Amino acid sequence: PGRTVDLLRGRQLLFSRVRHFVLDEADYLLDAGFAEEVDFLVSQLPRDAQALLFCATLAPKVRTLAARVCQRPVFLDISNPHGPSG
């Protein structure tokens with residue numbers, strides 16, 4: 001995310017027309033210390049952009065991020081045969 005942050009700050013990249021924002025390996029990015037960068041990226045999104053977070057684990061910090069980024073987050077645990085939770 002660091003390079004994307006640099007491009008946004010340098011006005012070489014704009015998120016003004018982004019409609020879908022996909023953050024893969026969200027848990028890894030947070031564990032690797034990129035929470036500040038992820039927060040900055042999210043702050044640059046238009047209000048109506050759809051954010052999708054993907055990760056291998058549903059750690060509390062990922063749930064917290066999803067609550068901040070997503071309007072109505074749905075958590076899908078593929079090891080849970082009973083379906084998604086809200």
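Bear in mind the structure is a predicted one, so any value in this text is a computation, not a measurement. When a residue number appears, it is its place in the shown sequence, counting from 1. These numbers come from the heavy atoms of this one structure, side chains and all, not from hydrogens, waters or symmetry mates.
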Practice task
Check the pair L52 / F21 against side chain to side chain contact (heavy atoms under 4.5 Å, CB included), numbers first and verdict last.
Solution key: CA-CA 6 Å; L52 303 166; F21 178 74; over 6 Å; no
Exercise for the section: Flag the pair K61 / D31 as yes when at least one side-chain heavy-atom distance between them is below 4.5 Å, and no otherwise. Expected result: yes
Problem - Pairs where residues 42-52 contributes a residue and the test side-chain hydrogen bond (donor to acceptor under 3.5 Å, both in side chains) is met, not counting sequence neighbours - result: R19-D48, H20-Q50
Exercise for the section: Apply side chain to side chain contact (heavy atoms under 4.5 Å, CB included) to F34 and Y28, showing your working. Expected result: CA-CA 9 Å; F34 290 111; Y28 172 77; 5.6 Å; no
Practice task
Could you tell me whether R68 and D39 make a salt bridge, using a distance below 4.0 angstrom between a side-chain N and a carboxylate O?
Solution key: yes
Problem - Minimum-distance pair of heavy atoms, taken over all atoms of V18 and P46 - result: O-CG, 3.5 Å
Problem - Value rounded to 0.5 Å, distance of CZ in F54 from CD in E25 - result: 11.0 Å
Problem - side chain to side chain contact (heavy atoms under 4.5 Å, CB included) evaluation trace for V38 with L23 - result: CA-CA 9 Å; V38 169; L23 189 59; 3.7 Å; yes
Handout entry: Residue pair L41, L45: steps toward the side chain to side chain contact (heavy atoms under 4.5 Å, CB included) verdict
Key = CA-CA 7 Å; L41 294 175; L45 294 172; over 6 Å; no
Handout entry: Test item: L13 and F15 side chains (from C-beta on) under 4.5 Å apart, heavy atoms
Key = yes
Handout entry: Any donor-acceptor N/O pair, D27 side chain to C55 backbone, under 3.5 Å
Key = no
Exercise for the section: Find the distance between OG1 (T4) and CD (Q12) and round it off to the nearest 0.5 Å. Expected result: 11.5 Å
Completion exercise
In terms of heavy-atom contacts, P1 and L29 come closest through CD-CD2, 3.9 Å
Problem - Flag side-chain contact, heavy atom, 4.5 Å: V62 against L30 - result: yes
Problem - Residue Q71 excluded, over 12 heavy atoms near CD under 6.0 Å - result: no
